Number of protein chains: 2
Amino acid sequence: MNQQQRGVLLGSGLFAGIQPDQIDAMLGCLNARQEHYEKNTLVWNIGDTLHACALVLSGALRAESVNASGEHLLMANHRAGALVGDVLMATPGSKSPVYVVASEDSELLFLPFHRIMSGCDDCCSWHTKLRENLVSEIAMKFWAQRQRTLYLSAKSLRQRIAMRLYDEYCRTGSLTFSLGGTREDLADFLGANRSALSREIGRMKSEGILDYYKDTFRILSLEKLSKDVG
Amino acid sequence: MNQQQRGVLLGSGLFAGIQPDQIDAMLGCLNARQEHYEKNTLVWNIGDTLHACALVLSGALRAESVNASGEHLLMANHRAGALVGDVLMATPGSKSPVYVVASEDSELLFLPFHRIMSGCDDCCSWHTKLRENLVSEIAMKFWAQRQRTLYLSAKSLRQRIAMRLYDEYCRTGSLTFSLGGTREDLADFLGANRSALSREIGRMKSEGILDYYKDTFRILSLEKLSKDVG
DNA sequence: TCCTTTTTGTTGCGCAGGCAACGAAGAGTG
DNA sequence: CACTCTTCGTTGCCTGCGCAACAAAAAGGA
């Protein structure tokens, strides 16, 4: 593990609040294994049962499902610092609903789930902290999903957009921010058609509510935006 | 705690796989407190920080949020056996986005979250199991939310209905089942208008796909239904 | 550089479904 | 029983938005 990957690990939610000098001992105790995956190689498949979750040290992973019509649907993108497979492993007897591939050359750190969850014999001081972090990660993924359902249950596309932008404003505290991903990604996230999304943000721009370029948005009138949020 | 409530506790996901004769010792070790809430009394409010999650021993709880327009939106119904507030407590520094009221006279068992998560000194044999159960509960709530987003991201109401019914068929293994709740509840869950839902299931009935009465549905043609699932 | 691919803006058409309104059939309540 | 409240079915109207199609800008790739 190089210095940059170590930085990613230390900055990840799973290892938040852990002393850097304890990392090596921890990884040993947890029986963590680091592996390299080349671009477009499969990390695990649909129906697989996992024994370890993966922390992305570098590169990125893509999780996709296949529906009954055989279409491949992008479910999630996991960049450096993300923990993948944790929720799945926390669910007893579950098989993966998605397959996961490396969308770039990636370094993955595999952490056996049960080693994290069950206390080791000489209850290491950091073990409890690590467990809490793991549970936090899972809980936060729940909230992300919940937020998504809130967006999707909004009646109009206008409201969905306003909610998403307002949330991002609250999260960053800034009126200008970058959402990441393409316009199509945003449309998918909001459960809408790309052109419909473009049309609507165009309208909002002409109404002086916001301005945008690519994935960067600037809220011009927080008041008007709030009205649309509902 | 009476015998029926004890049965609810033993049947709950949190206490799955725990020996009945260990329960009393556990509850003592966990510092669990049982409390009675009369109908329509507040259990906790929006913005509250929790110190314990609640296991519903009898009665039922209702979680509602208030949007910017002041409307009260039903978020969840928790019946006997449900664990409430667990995901919230697993998220550090979070405040409740909903208020929770007893929708009937209810008995609640409050379990301090940190007592479950951190190992006690003489690492009781059941402690690890309880922790795993807690994490499983949270993970399963994640999957429920995820399933919801899958429903909501379906393009047509027809497809959403088909997905929901097909999932229930897979879950129960029966072509006839009861979904629970009113027609309006189902419409909300599917992110649709009640009359639109009625119209659509009426169409599906006339096409010989299904039959229904109130919240009970019978799949008449699994093949046709599968076509609609996509 | 040229060529291909991806991403974004724009616009017209058509329809799925939201909305409102009404009637009917329970389900409680006094 | 009379009265209220809830739930459900049905239908007409109208609009939000999906969809397809095209153009142009941007981004690689060779």
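Small disclaimer: the values here were computed from a predicted structure and weren't measured.
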Next item on the list: List in chain and number order the residues that pass ring pair (Phe, Tyr, Trp, His ring centres under 6.0 Å) with A/Phe15, two or more places apart in sequence or in another chain; answer none if no residue qualifies.
Entry: none
Notebook entry, point to check: Any salt bridge between B/Arg218 and B/Asp211, counting N to O under 4.0 Å?
Noted result: no
Check: Expressed in angstrom and rounded to an integer, what is the separation of A/Leu197 atom CG from D/dG16 atom C1'?
Finding: 14 Å
Next item on the list: Report the distance from atom CD of A/Glu107 to atom CG of A/Leu57, rounding to the nearest 0.5 Å.
Entry: 7.0 Å
Checklist line | Near-strand residues of residues 202-211 of chain B, defined as heavy-atom separation under 4.0 angstrom from DNA chain C | finding: none
Next item on the list: Could you state the atom-to-atom distance from CZ of A/Arg183 to C1' of C/dT7 in whole Å?
Entry: 9 Å
Margin query: Using the side-chain hydrogen bond (donor to acceptor under 3.5 Å, both in side chains) criterion, which residues pair with A/Glu137? Sequence neighbours excluded.
Written below: none
Note to self: Any donor-acceptor pair under 3.5 Å linking the side-chain atoms of A/Asp48 with those of A/Ser96?
What the structure shows: no
List every contact pair, protein side and nucleotides 24-30 of chain D side both N or O, where the distance is under 3.5 Å.
from	atom 1	to	atom 2	distance (Å)
D/dA26	O3'	A/Lys214	NZ	3.3

Would you be so kind as to tabulate the donor-acceptor pairs closer than 3.5 Å made by side chains of residues 184-193 of chain A, with sequence neighbours excluded?
from	atom 1	to	atom 2	distance (Å)
A/Asp185	OD2	A/Thr182	N	3.0
A/Asp185	OD2	A/Thr182	OG1	3.4
A/Asn193	OD1	A/Ser195	N	2.8
A/Asn193	OD1	A/Ser195	OG	2.6
A/Asn193	OD1	A/Ala196	N	3.3

Margin query: Nearest 0.5 angstrom please: A/His78 NE2 to A/Leu61 CG, how far?
Written below: 7.0 Å
Notebook entry, point to check: Residues in side chain to side chain contact (heavy atoms under 4.5 Å, CB included) with A/Asn40, at least two apart?
Noted result: A/Arg62
Margin query: How many whole angstroms separate atom CD1 of B/Ile161 from atom P of C/dA16?
Written below: 14 Å
Note to self: If I take atom CG in residue A/Asp188 and atom C1' in nucleotide D/dG18, what distance separates them, rounded to the nearest angstrom?
What the structure shows: 13 Å
Notebook entry, point to check: Would you say A/Tyr166 has more than 12 foreign heavy atoms packed within less than 6.0 Å of its OH?
Noted result: no
Taking only nitrogen or oxygen atoms into account, show me every contact under 3.5 Å that the protein makes with nucleotides 20-23 of chain D, one pair per line with its distance.
from	atom 1	to	atom 2	distance (Å)
D/dA20	N6	A/Ser195	OG	3.3

Note to self: Considering only residues two or more places apart or on different chains, which pairs with a residue in residues 152-162 of chain B satisfy side chain to side chain donor-acceptor pair (under 3.5 Å)?
What the structure shows: B/Lys155-B/Gln159, B/Arg158-B/Glu200, B/Arg158-B/Glu207, B/Arg158-B/Asp228
Next item on the list: Whole angstrom is fine here: how far is it from CD in A/Glu184 over to C1' in C/dT8?
Entry: 10 Å
Checklist line | Residue pairs passing the salt bridge (charged side-chain N to carboxylate O under 4.0 Å, His left out) test where at least one lies in residues 161-176 of chain A, sequence neighbours excluded | finding: A/Arg164-A/Glu168, A/Glu168-A/Arg171
Checklist line | Residues forming a side chain to side chain contact (heavy atoms under 4.5 Å, CB included) with B/Lys224, sequence neighbours excluded | finding: B/Ile209, B/Ser221
Next item on the list: For B/Thr91, check side chain to side chain contact (heavy atoms under 4.5 Å, CB included) against everything at least two apart and list the hits.
Entry: A/Ala139, A/Met140, A/Trp143, B/Ser94
Next item on the list: Write down the distance between OH (B/Tyr212) and P (D/dC8), rounded to a whole number of angstrom.
Entry: 11 Å
Check: Could you state the CG-P distance from A/Leu190 to D/dC17, rounded to the nearest angstrom?
Finding: 12 Å
Checklist line | Residue whose closest nucleotide on DNA chain C lies nearer the 5' end, A/Ser198 versus A/Lys155 | finding: A/Ser198
Notebook entry, point to check: Should we say atom NE2 of B/His36 is surrounded by more than 12 heavy atoms from elsewhere, each under 6.0 Å from it?
Noted result: yes
Notebook entry, point to check: Using a cut-off of 4.0 Å on non-hydrogen atoms, how would the nucleic acid contact of B/Thr182 be classed: base, sugar-phosphate, or nothing?
Noted result: sugar-phosphate
Next item on the list: With axes from five pairs an end, tell me the bend angle of the helix from C/dT1-D/dA30 to C/dG30-D/dC1, nearest 10°.
Entry: 50°
Check: Roughly how many Å is it from CD in A/Gln159 to P in D/dG16, rounded to a whole number?
Finding: 14 Å
